[in-house]
Amino acid sequence: MLILRVKPSFYLFPFTIFFHLRYHNMAAKLISTGFRHTTLPDNYVRPHSDRPRLSEVSQLEDFPLIDISSTDRPQVVQQIHQACARFGFFQVINHGVRKSTIDEMVSVAHEFFGMPMDEKMKLYSDDPTKTPRLSTSFNVKEEEVNNWRDYLRLHCYPIDKYVHEWPSNPPSFKEVVSKYSREVRELGFTIEELISESLRLEKDYMKNVLGEQGQHMAVNYYPPCPEPELTYGLPAHTDPNALTILLQDATVCGLQILIDGHWFAVNPRPDAFVINIGDQLQALSNGVYKSVWHRAVTNTEKSRLSIASFMCPDDGAVISPAKPLWEAKGEEAKPIYRDYTYAEYYKKFWSRNLDQEHCLENFLND
C-alpha cells in the first residue's frame, strides 16, 4: 500500500490564501484594523485645493466656557447667546453627566474598536439608513475621496426600542451606553432651555417645536494617519440635527471650526462637553444663531476617539423660524427659511456629499 506523506503546508496553503483575501476585503472597508500605514492610500488623498493646510490653523484662545450650574441664570443665558451668535459652538462644565459615566463610555468605546475584525464586521454596513451600523468615512456610496475615520452609529432613544440592536460585545456595552445616553439627553434638554431663553422665547419653546426628539450617537475612531496634510478625519460640514453634544478625546486635538474664513483648533478639556448648534436651530432662530462649519483632522502619532450625541427633531416636526424673531421687524418682514419637516431635511442631507454647500441653502424662502 502506497502512503503519500504531504507536508502540512500543502493543506494550509489554500486556507492561508483565503485568510489573506478575506482580511484584505475587511481592511478595504475599515481602517481600524490595527495595521499601521506608512503611506496614505490613494482613495484618501484630497485634491491640492481641498487639503487641511494644518500650518495655517490657529489655536482658539477665547473659546466660550460656560458653567451651566451657576446660580446666576441671566448671566448663563447671556453667555449662551453670545456664544451661539458668534461661534455656534461653546463648552460646558458642571454639566451633570457623572465622571464615572464618561470614563466607562470612553473605555467601552475603545474596547469596541479594539475587537477582532471578524467581530466588528458583523455590524458593518455602507447603507446610511441602517442602524446600528459600523462604517467608514461618511457616505462611501456618494464620495469620490474617503475620510480617515471609522464610526459606530447608534439610535439611542427610545432606548428600549433600540438597545436590543446594539452590539453584544463588549459585554458591558449596552449597560454603559444606556446610562451615558440617558445622562447626555438630560444635558441636551437643559441646553435647549437655555438657548430658548437666550432668544427671548419661552423656556420650553425649542422642546415643544422639536417634538419627541430622537437621539443618535456616533462613536468616531480616527487611527494614526501617515500623512495628515493630505486628508481629513471628516471634511468641513455642518450638523443636520438640532443640537450636538460632543465628548472630545481628552488628550488628542482634532476638532477645528471655521470663524470668519479662518480655521481654529479647539483644544480638548477633559471635564467639558463641546456643544454646537445644528442646522435646525439655525433655522428656528431665523439665522440669528449659526450652524458653523467644522471638521476633524488626523495626526501621525496617536489614534483619536470622539463621541457625538445628536438631539434630533421628531421626523414629523415642522421646522419654521420662530415668529417672534421676525414678525417684530415690520409688516414686510418674512422668515429666511421656508417651512419643512425634519424627515424632508434629513433625507436631503444624506443624499449628498458631506462637504457640499450648506444643506439649509436648499430650504431658503423664495
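These numbers come from a predicted model, not from an experiment.
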Fill in: Asn241 to Thr244 - nearest heavy-atom pair and separation
ND2-OG1, 3.1 Å
Practice prompt. Could you tell me if the ring centre of Phe363 sits under 6.0 Å from that of Tyr337?
Written response: no
Discussion item. Distance check, rounded to the nearest 0.5 Å: Gln91 atom CD versus Asp271 atom CG?
Written reply: 8.5 Å
Worksheet, complete the sentence: Closest heavy-atom pair, Pro235 versus Arg46, reported as atoms and distance to 0.1 Å, is CG-NH2, 3.8 Å
Practice prompt. Take atom CG of Asp72 as the centre, draw a 6.0 Å sphere, and report whether it contains more than 12 heavy atoms from other residues, nucleotides or ligands.
Written response: yes
Item to complete: Given side chain to side chain contact (heavy atoms under 4.5 Å, CB included), test Val163 with Ser178 step by step and report yes or no.
Response: CA-CA 8 Å; Val163 67; Ser178 294; 3.9 Å; yes
Discussion item. Regarding Arg338 and Glu344, does a basic nitrogen lie under 4.0 Å from an acidic carboxylate oxygen?
Written reply: yes
Item to complete: Give a yes or no on whether Ile307 and Leu255 share a hydrophobic cluster (residues Ile, Leu, Val, Met, Phe, Trp, Tyr; joining criterion: side-chain heavy atoms under 4.5 Å apart).
Response: no
Worksheet entry | Between Gln280 and Tyr340, a side-chain donor and acceptor under 3.5 Å | yes
Worksheet item: Is the shortest side-chain N to carboxylate O distance from Glu119 to Lys122 below 4.0 Å?
Response: yes
Practice prompt. For Ser196 and Lys203, run side chain to side chain contact (heavy atoms under 4.5 Å, CB included): C-alpha distance rounded to whole Å, both residues' side-chain angles, the deciding distance at 0.1 Å, then the answer.
Written response: CA-CA 5 Å; Ser196 293; Lys203 181 177 71 172; 5.6 Å; no
Worksheet item: Of the non-hydrogen atoms in Ile159 and Cys156, which two are nearest, and what is the gap between them?
Response: CG1-O, 3.0 Å
Worksheet item: Roughly how far, to the nearest 0.5 Å, is the CG atom of Asn286 from the CD1 atom of Ile336?
Response: 4.0 Å
Practice prompt. Tell me yes or no: between the side chains of Ser306 and Asp249, is some donor less than 3.5 Å from an acceptor?
Written response: no
Discussion item. Consider side-chain contact (heavy atoms from CB on, under 4.5 Å). Of Thr298, Asn299, Leu305, which one does Lys302 pass it with?
Written reply: Asn299
Worksheet entry | Worked verdict on Asn147 versus Tyr44 for side chain to side chain donor-acceptor pair (under 3.5 Å) | CA-CA 6 Å; Asn147 306 298; Tyr44 292 93; over 6 Å; no
Worksheet, complete the sentence: Here the pair of heavy atoms bringing Val106 nearest to Leu247 is CG2-CD2, 3.8 Å
Worksheet item: Do Val77 and Ile275 belong to the same hydrophobic cluster, where Ile, Leu, Val, Met, Phe, Trp and Tyr are linked whenever their side-chain heavy atoms lie under 4.5 Å apart, directly or via other members?
Response: yes
Worksheet item: Between the side chain of Ser181 and the main-chain N/O of Val177, is any donor-acceptor distance below 3.5 Å?
Response: yes
Worksheet item: Who passes side chain to side chain contact (heavy atoms under 4.5 Å, CB included) against Glu212, sequence neighbours left out?
Response: Tyr157, Asp314
Discussion item. Run Lys348 and Cys359 through side chain to side chain contact (heavy atoms under 4.5 Å, CB included) and show every step you take.
Written reply: CA-CA 8 Å; Lys348 180 67 176 178; Cys359 192; 3.8 Å; yes
Worksheet entry | Plane angle bin for Trp166 and Phe173 - parallel if under 30°, tilted between 30 and 60°, otherwise perpendicular | perpendicular
Item to complete: Spell out, yes or no, whether Val219 and Val274 are grouped together once hydrophobic residues are joined by side-chain heavy atoms under 4.5 Å, including indirect joins.
Response: no
Fill in: Lys/Arg N to Asp/Glu carboxylate O, Lys334 vs Asp366, below 4.0 Å
no
Practice prompt. Check Glu183, Lys179, Arg182 against Thr101 for a side chain to side chain donor-acceptor pair (under 3.5 Å) and give me the one that passes.
Written response: Glu183
Worksheet entry | Cluster link Ile80 to Met311, ILVMFWY, side chain under 4.5 Å | yes
Worksheet entry | Presence of salt bridge, Glu229 and Arg53, under 4.0 angstrom | no
Worksheet item: Between Phe35 and His37, how do the two ring planes meet: parallel, tilted or perpendicular, split at 30° and 60°?
Response: perpendicular
Worksheet item: Does Leu281 belong to the same Ile/Leu/Val/Met/Phe/Trp/Tyr cluster as Val292, with side-chain heavy atoms less than 4.5 Å apart forming each link?
Response: no
Worksheet item: Ser32 and Lys120: side-chain donor and acceptor closer than 3.5 Å?
Response: yes
Discussion item. So which atom in Ser168 and which in Lys174 form the shortest heavy-atom distance, rounded to 0.1 Å?
Written reply: OG-NZ, 3.8 Å
Fill in: Modelled atom types, side-chain donor and acceptor of Asp67 and His95, under 3.5 Å
no
Worksheet item: Do the rings of Phe113 and Tyr221 sit parallel, tilted or perpendicular, given the 30° and 60° boundaries?
Response: parallel
Worksheet, complete the sentence: The single option from Arg86, Gln282, His81 that satisfies side chain to side chain donor-acceptor pair (under 3.5 Å) with Tyr289 is His81
Worksheet item: Does the side chain of Ser291 come under 3.5 Å of the side chain of Asp279 through a donor N or O and an acceptor N or O?
Response: yes
Discussion item. Within the 3.5 Å criterion, strictly below it, is a donor on Ser137 or Glu143 matched to an acceptor on the partner's side chain?
Written reply: yes
Worksheet item: What distance separates Phe189 CZ from Leu194 CG, expressed to the nearest 0.5 Å?
Response: 14.0 Å
Worksheet item: Once you round to the nearest 0.5 Å, how far does OG1 of Thr231 lie from CG of Asn146?
Response: 8.5 Å
Worksheet item: Does CD belonging to Glu202 count more than 12 external heavy atoms closer than 6.0 Å?
Response: no
Practice prompt. For the residue pair His262 and Phe264, categorise the inter-ring angle as parallel (less than 30°), tilted (30 to 60°) or perpendicular (more than 60°).
Written response: perpendicular
Worksheet item: Under 6.0 Å from the CZ atom of Arg200, do we count more than 12 heavy atoms belonging to anything else shown?
Response: no
Worksheet item: Any donor-acceptor pair under 3.5 Å linking the side chain of Tyr345 with the backbone of Leu360?
Response: yes
Discussion item. Which heavy atom of Trp293 sits nearest to which heavy atom of His358, and what is that distance?
Written reply: CZ2-N, 3.6 Å
Worksheet item: Will you find, in the side chains of Ser125 and Asp127, an N or O donor that is under 3.5 Å from an N or O acceptor?
Response: no
Worksheet item: Could you walk me through whether Thr136 and Lys29 pass the side chain to side chain contact (heavy atoms under 4.5 Å, CB included) check?
Response: CA-CA 7 Å; Thr136 192; Lys29 293 180 177 180; 5.7 Å; no
Fill in: Exam field: side chain Ser198 to backbone Ile195, donor-acceptor pair closer than 3.5 Å
yes
Worksheet item: What distance separates Leu154 CG from Phe310 CZ, expressed to the nearest 0.5 Å?
Response: 11.0 Å
Discussion item. Nearest 0.5 angstrom please: Trp148 CH2 to Leu234 CG, how far?
Written reply: 14.0 Å
